[in-house]
Amino acid sequence: MSTDTLRRMLRPLRAVFTPLAALFLLAAAWSARGIVEDTLRQAQWPFFIAATLLWAVSHLIAPALAWVVLGAGGVHLSYRKALAIHASRLPARYLPGGIWHTVSRVADYSAAGATRAQLTVLVAIENALPVALAAALGGGGLLLFGRGGAAAGAALALGLVLLAGIPFVLRHRLLSSGAPPTWATYARAAAVMLGFWITAALAFCGYWNAFPLPADAPSLPVVAAAYLLSWAAGFAMVLAPQGLGVFEVSIAALLRDGAGTPFVDTVVLAAGFRAAVLGADLLAYALYLTVRALRRRDAQDG
């Protein structure tokens, strides 16, 4: 399939995605109102707000991955444009299937001049690098603090193997028909993802700290490591949209030893983090719409 054919196929999707995804985002907010109400009623507001704002900050980091990878391939994509594409397509995360945020952004990147080969490499990196880094950081962090056992060791080993192997896979001709990403590009992409995961883990720790915990609760570094490993486990379960259920059960299992909190309560507590994520997504999307409206008004005035 040629790049021009791909662009013709993706062009109609760009017009459909925004209104449809916005409806699903509102529907997700409405359907989650019970969880949101319960979470807000029990949480200490300063910590919960901090967690929400930190997750919103992660939306400033995530688009840098496309900016680095596509820019290195010769696509004229500024960070500001990548950020606008990322923010404008946030509602697509809530469409059924879990792939539409990626699909909608691919359509936008294609319209910006990215070729099929460049988009293939980007999608491969966006899917492989986060889970590899999360598994390595999560597994290594748990082992460092004497937690996780064999599962943490296996996650660390798998994460390191993936991190080392991704650049070689990207050089396969089926993935990269043009020039493959350089080691420097891969290192910059890994640095972006490291910044993202540090921010995301801090957001979860802030959320976790918003609730009364027993005296023998795990330390925040352990919570951060368990969060990363649990996210990787949820991502690996492709049949679970956004890791729903898998993430919560995994983190409850990793933190239950010495946590002093019943397993089911930990699952429910972890599930409430989705309220903070939803709030951050709504905030980021609202800011995008506001900035876009102000720029259009300034353009008309000018």
Side-chain angles (χ1 to χ4, degrees), residues 32 34-36 38-55 58 130-160 193-194 196-237 239-280:
I35 295 176
V36 173
D38 290 342
T39 301
L40 293 179
R41 186 165 48 248
Q42 300 175 43
Q44 299 179 55
W45 277 68
F47 288 107
F48 183 84
I49 292 173
T52 302
L53 291 177
L54 278 168
W55 192 266
S58 74
V131 69
L133 198 55
L137 291 173
L142 287 173
L143 287 178
L144 182 64
F145 291 97
R147 304 291 290 264
L156 173 60
L158 178 61
L160 292 177
M193 280 312 309
L194 179 61
F196 175 86
W197 281 131
I198 290 173
T199 305
L202 287 173
F204 186 80
C205 286
Y207 166 80
W208 188 264
N209 218 36
F211 299 90
L213 299 170
D216 60 346
S219 65
L220 290 183
V222 170
V223 172
Y227 164 77
L228 293 173
L229 183 51
S230 299
W231 183 93
F235 183 88
M237 296 297 293
L239 297 180
Q242 298 188 36
L244 185 62
V246 179
F247 164 77
E248 289 81 1
V249 171
S250 297
I251 197 167
L254 290 170
L255 295 179
R256 65 179 173 181
D257 293 337
T261 303
F263 179 82
V264 174
D265 290 353
T266 306
V267 170
V268 173
L269 179 60
F273 182 58
R274 296 185 185 273
V277 172
L278 176 61

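- Shown here are the ring pair (Phe, Tyr, Trp, His ring centres under 6.0 Å) partners of W208, two or more places apart in sequence or in another chain: F204.
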>> Does R274 form a side chain to side chain contact (heavy atoms under 4.5 Å, CB included) with F247? I'd like the steps, not just the answer.
In response: CA-CA 11 Å; R274 296 185 185 273; F247 164 77; 4.2 Å; yes
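- Between the side chain of W197 and the backbone N or O of L133 there is no donor-acceptor pair closer than 3.5 Å.
- For the pair W231 and S250, the minimum side-chain heavy-atom distance is 4.5 Å or more.
- T52 pairs by the side chain to side chain contact (heavy atoms under 4.5 Å, CB included) definition with F48, A276, A280, not counting sequence neighbours.
- In plain terms, the two heavy atoms of A152 and R147 that are nearest each other are CB-O, 3.9 Å.
- Side-chain atoms of F273 and W55, non-hydrogen and from C-beta on, do get closer than 4.5 Å to each other.
- Under the rule for a side chain to side chain contact (heavy atoms under 4.5 Å, CB included), A151 has no partner lying at least two apart in sequence or in another chain.
- Between the CG atom of L156 and the CG atom of L144 there is a distance of 10.5 Å, given to the nearest 0.5 Å.
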Distance-only criterion, 3.5 Å: show the donor-acceptor pairs between side-chain atoms of residues 220-230 and protein atoms not counting sequence neighbours.
unit_1 : atom_1 : unit_2 : atom_2 : d
S230   : OG     : A226   : O      : 2.7
S230   : OG     : I251   : N      : 3.0

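- Here I198 pairs with L194, L202 under the side chain to side chain contact (heavy atoms under 4.5 Å, CB included) rule; sequence neighbours left out.
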